[in-house]
Protein chains: 2
Amino acid sequence: MSRSRGLPPLKSMQAFRYAAEVLSFKAAADQLFVTQAAVSQQIKTLEQHLGVALFERHTRQVALTSEGRYLFDYIEKAFRLMEEGVRGISEDANPNTLVISVVPSFSSRWLVPRLGLFQQQAADINLRLSPSIGLSDFANSDLDLCVRLGHGQYEGLQSELLFEEFLIPVCHPDLFHEKEPIEQQLSHIPIITDTGPDMDHVWPKLQTFLKMYDMPLKSHLHVADSTSLVEALLSRQGLAMMRFSLVYELLQKKLLICPLPVYMKSKYDFYLVAPAPHFRYDKVQSFRRWIKGEVKRIDESWLTYLEAHQSFREIKMS
Amino acid sequence: MSRSRGLPPLKSMQAFRYAAEVLSFKAAADQLFVTQAAVSQQIKTLEQHLGVALFERHTRQVALTSEGRYLFDYIEKAFRLMEEGVRGISEDANPNTLVISVVPSFSSRWLVPRLGLFQQQAADINLRLSPSIGLSDFANSDLDLCVRLGHGQYEGLQSELLFEEFLIPVCHPDLFHEKEPIEQQLSHIPIITDTGPDMDHVWPKLQTFLKMYDMPLKSHLHVADSTSLVEALLSRQGLAMMRFSLVYELLQKKLLICPLPVYMKSKYDFYLVAPAPHFRYDKVQSFRRWIKGEVKRIDESWLTYLEAHQSFREIKMS
DNA sequence: ACCATGGTTAAGTTTTTCTTAATCATAGAC
DNA sequence: GTCTATGATTAAGAAAAACTTAACCATGGT
């Protein structure tokens, strides 16, 4: 009747974790800031506790046995979990540096231009924009907060809606002549797309819709990212489906127009995302307060826009 | 620039794990076989390392702070992983006791009757049949091996196909008179079902098939498990879709017949399942060798059966 | 043939962790 | 309201675990 909770010495498992990772006791010892002898002993202890050899000792190098490989899977995951949990919760080591990761398009076209305002009201905070990490891993970096486009569900993380995103077709005002009917002009205007996350779903929907009105859309231009897309739009390259948040100011200034009476709800919205405890950091709180205030203007602008274009129809995604 | 791999003392996290689980330093201390003072000190150490309070100290009891709750999620999972890994790999503590968990129907109707044979050829092994656990958790029990009906994919476990399972309609020979056409007799015979894992998919398929031949199936009898189902069949209660493995001997002895010229591949097959290292235990090896030999006869019997009924058609599940 | 490298082992030292014992605070019994 | 029993805290010293040092072994590469 073996005790269900009798783990080997934890330190021996830690030594194992490092040693198995680099397949060298010496290298592991260096990482742990101890001598090889210490690692050697810990591994031995662990093997004795388990009654199983974890490493094959060859001369001047070690290899994992199949049992070792099996165990490593678990131990490695376990330590990663601990690291993640600890990092999430630890006292803010740099209370004056706020590291945020922001999806690039939103960052350059919306956030950066406004950042001056934030710096003014929080002069003591040193802001660092981290390039958007694939899986925003809070575990292995100093990252404090993410602005992400998504559904707001992130495993182990807390998230808060920033604003709902809408998509509208926009182009340069010169591309359309008010006198002629839209249908005829459309076929002359290239579509511009980028590799955004929900663009795949959007264009088919829009095209189906336009077909109902017998509006053809033909030629195509594809650019790398939303930032280039905006540039392309401003230089009269064609028509694109854009996030409202990225173009609402350009619409206000009449630098762009919306030639088609339609809009869509984006499949994804913008969220603030971080491990729950990060939301308690002063620096995060003050950023959150600031950006929520700024972002409110996007919502307001959207309502104004809808009111001004009451005939516009929503194309449902579902 | 915080080091990415600077965990707090591991023992302090272990103490936290126990303390957070029972919300009492004293109870945690008892489980860890140390004094309260030790736990108190460890928790304090951890909190100092993190710079964050993990417990709210009330008089005579403690509660987790929100940070504590957050951390506990991770720490708890991490320790469970370690336990699972360690248990999977540990030297076999009871090399003479083989604990296997078997799906009940297969156990009582197939395995148990044959177990005598295994005991003979492995007299030193003390066999224990464990009632089929929901999630066959090797982490928290002495379980050595599972016989499971499934797809053969189990997270973190190794599995080996025992045999492919087929489903055939069977009933007592008395229920059908050879002279009359089957179609007419069918409507008088109750269908018997149990709550097996793929029965839901099976009957609709079969009924669709039978409709093509204009064979109606009407009345219904539902029993708790496959064992009762076999009893019901033998006592002429009706017709059922059965796993071939459970009835092939009864077919051979003409105690049951297959009145309809159809069969289906089961959605699930039988697998041996265990953490990879368990397959190296002598006792497991010898059981595996034995059952593979026994099971071969099911496969052979199936081939014989197919040959003897070449007109039978397979109903595809896809 | 011979370093240099990386792993092992034993002995002794350092560090961590635990116990003991005294102290505190208060919920619950009376 | 007082008393007591419970559970948490703290300091000091004891016990246990972990580490270092140093001598030793095996062998791949020069």
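We name chains A, B, ... by the order of the sequence lines, and we start the count at 1 in each one.
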Chemist: A:Q48 has an atom CD; how far is it from atom P of C:dT8, in whole Å?
Modeler: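 Taking atom P of C:dT8 as the reference, CD of A:Q48 is at 12 Å.
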
Chemist: Identify each donor-acceptor pair in which a side-chain atom of residues 289-299 of chain A lies under 3.5 Å from a protein atom, sequence neighbours left out, and give them as a table.
Modeler:
unit_1 : atom_1 : unit_2 : atom_2 : d
A:K292 : NZ     : A:E160 : OE2    : 3.1
A:K292 : NZ     : A:L161 : O      : 3.4

Chemist: Under the criterion side chain to side chain contact (heavy atoms under 4.5 Å, CB included), I'd like the reasoning laid out for B:T65 against B:F55: C-alpha separation, chi angles, the key distance, then a yes or no.
Modeler: CA-CA 5 Å; B:T65 62; B:F55 288 96; 5.6 Å; no

Chemist: Which residue pairs pass the ring-ring contact (aromatic ring centres under 6.0 Å, His included) test with at least one member in residues 73-100 of chain A, sequence neighbours excluded?
Modeler: A:Y70-A:Y74

Chemist: I'd like to check the ring-ring contact (aromatic ring centres under 6.0 Å, His included) partners of A:F163; sequence neighbours left out, ordered by chain and number.
Modeler: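 Counting only residues at least two positions away or on another chain, A:F163 forms a ring-ring contact (aromatic ring centres under 6.0 Å, His included) with A:F106, A:F270.
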
Chemist: For each nucleotide in nucleotides 25-30 of chain C, reading 5' to 3', give B when a protein heavy atom comes within less than 4.0 Å of its base, S when such contact involves only the sugar-phosphate, and - otherwise.
Modeler: -SB---

Chemist: Tell me, please, which residues at least two apart from A:Y271 pass ring-ring contact (aromatic ring centres under 6.0 Å, His included).
Modeler: none

Chemist: How far does CD of A:Q36 sit from CZ of A:F25, to the nearest 0.5 angstrom?
Modeler: 11.0 Å

Chemist: So how far is it from A:L145 CG to A:L98 CG, rounded to the nearest 0.5 Å?
Modeler: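 Going from the CG atom of A:L145 to the CG atom of A:L98 covers 6.5 Å.
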
Chemist: How would you list, by chain and number, every residue that makes a side chain to side chain donor-acceptor pair (under 3.5 Å) with A:S90, sequence neighbours excluded?
Modeler: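 Result, side chain to side chain donor-acceptor pair (under 3.5 Å) vs A:S90: none returned.
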
Chemist: Please give the angle, rounded to 10 degrees, between the axes at the start and the end of the helix from C:dA1-D:dT30 to C:dC30-D:dG1, where five pairs define each axis.
Modeler: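 What I find for the helix from C:dA1-D:dT30 to C:dC30-D:dG1 is an axis angle of 30°.
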
Chemist: What's the verdict on side chain to side chain contact (heavy atoms under 4.5 Å, CB included) for A:M82 and B:M82, showing C-alpha distance, side-chain angles and the deciding distance?
Modeler: CA-CA 11 Å; A:M82 288 189 176; B:M82 287 188 177; 4.1 Å; yes

Chemist: Pairs in or reaching into residues 37-54 of chain A: which pass side-chain hydrogen bond (donor to acceptor under 3.5 Å, both in side chains), with residues at least two apart or in two chains?
Modeler: A:E47-A:R57

Chemist: Taking atom P of C:dT19 as reference, at what distance in whole Å does atom CZ of B:F25 sit?
Modeler: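 That distance rounds to 16 Å.
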
Chemist: Among pairs that include at least one residue of residues 61-75 of chain A, which meet salt bridge (Lys or Arg N to Asp or Glu O under 4.0 Å), considering only residues two or more places apart or in two chains?
Modeler: A:E67-B:R280

Chemist: Short of 4.0 Å, heavy atom to strand atom, which residues of residues 64-74 of chain B count as contacting DNA chain C?
Modeler: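 Here the set is empty: none.
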
Chemist: Where do A:L50 and A:P8 come nearest, in terms of heavy atoms and distance?
Modeler: CD2-CG, 4.0 Å

Chemist: What nitrogen or oxygen pairs link the protein and nucleotides 9-18 of chain C at under 3.5 Å?
Modeler:
unit_1 : atom_1 : unit_2 : atom_2 : d
C:dC18 : OP2    : B:Q42  : NE2    : 2.7

Chemist: Do A:E83 and A:R87 meet the salt-bridge criterion of a basic N to acidic O distance under 4.0 Å?
Modeler: no

Chemist: So, are B:R128 and B:D144 salt-bridged, with charged N and O less than 4.0 Å apart?
Modeler: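 Judged by the 4.0 Å cut-off on N to carboxylate O distance, B:R128 and B:D144 do not form a salt bridge.
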
Chemist: Which nucleotide of DNA chain D is the first, and which the last, in the 5' to 3' direction, to come under 4.0 Å of a heavy atom belonging to chain B?
Modeler: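 From 5' to 3', the first and last contacting nucleotides are D:dT6 to D:dA12.
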
Chemist: Please round to the nearest 0.5 Å and tell me the distance separating atom OG of B:S286 and atom CD1 of B:I125.
Modeler: 3.5 Å

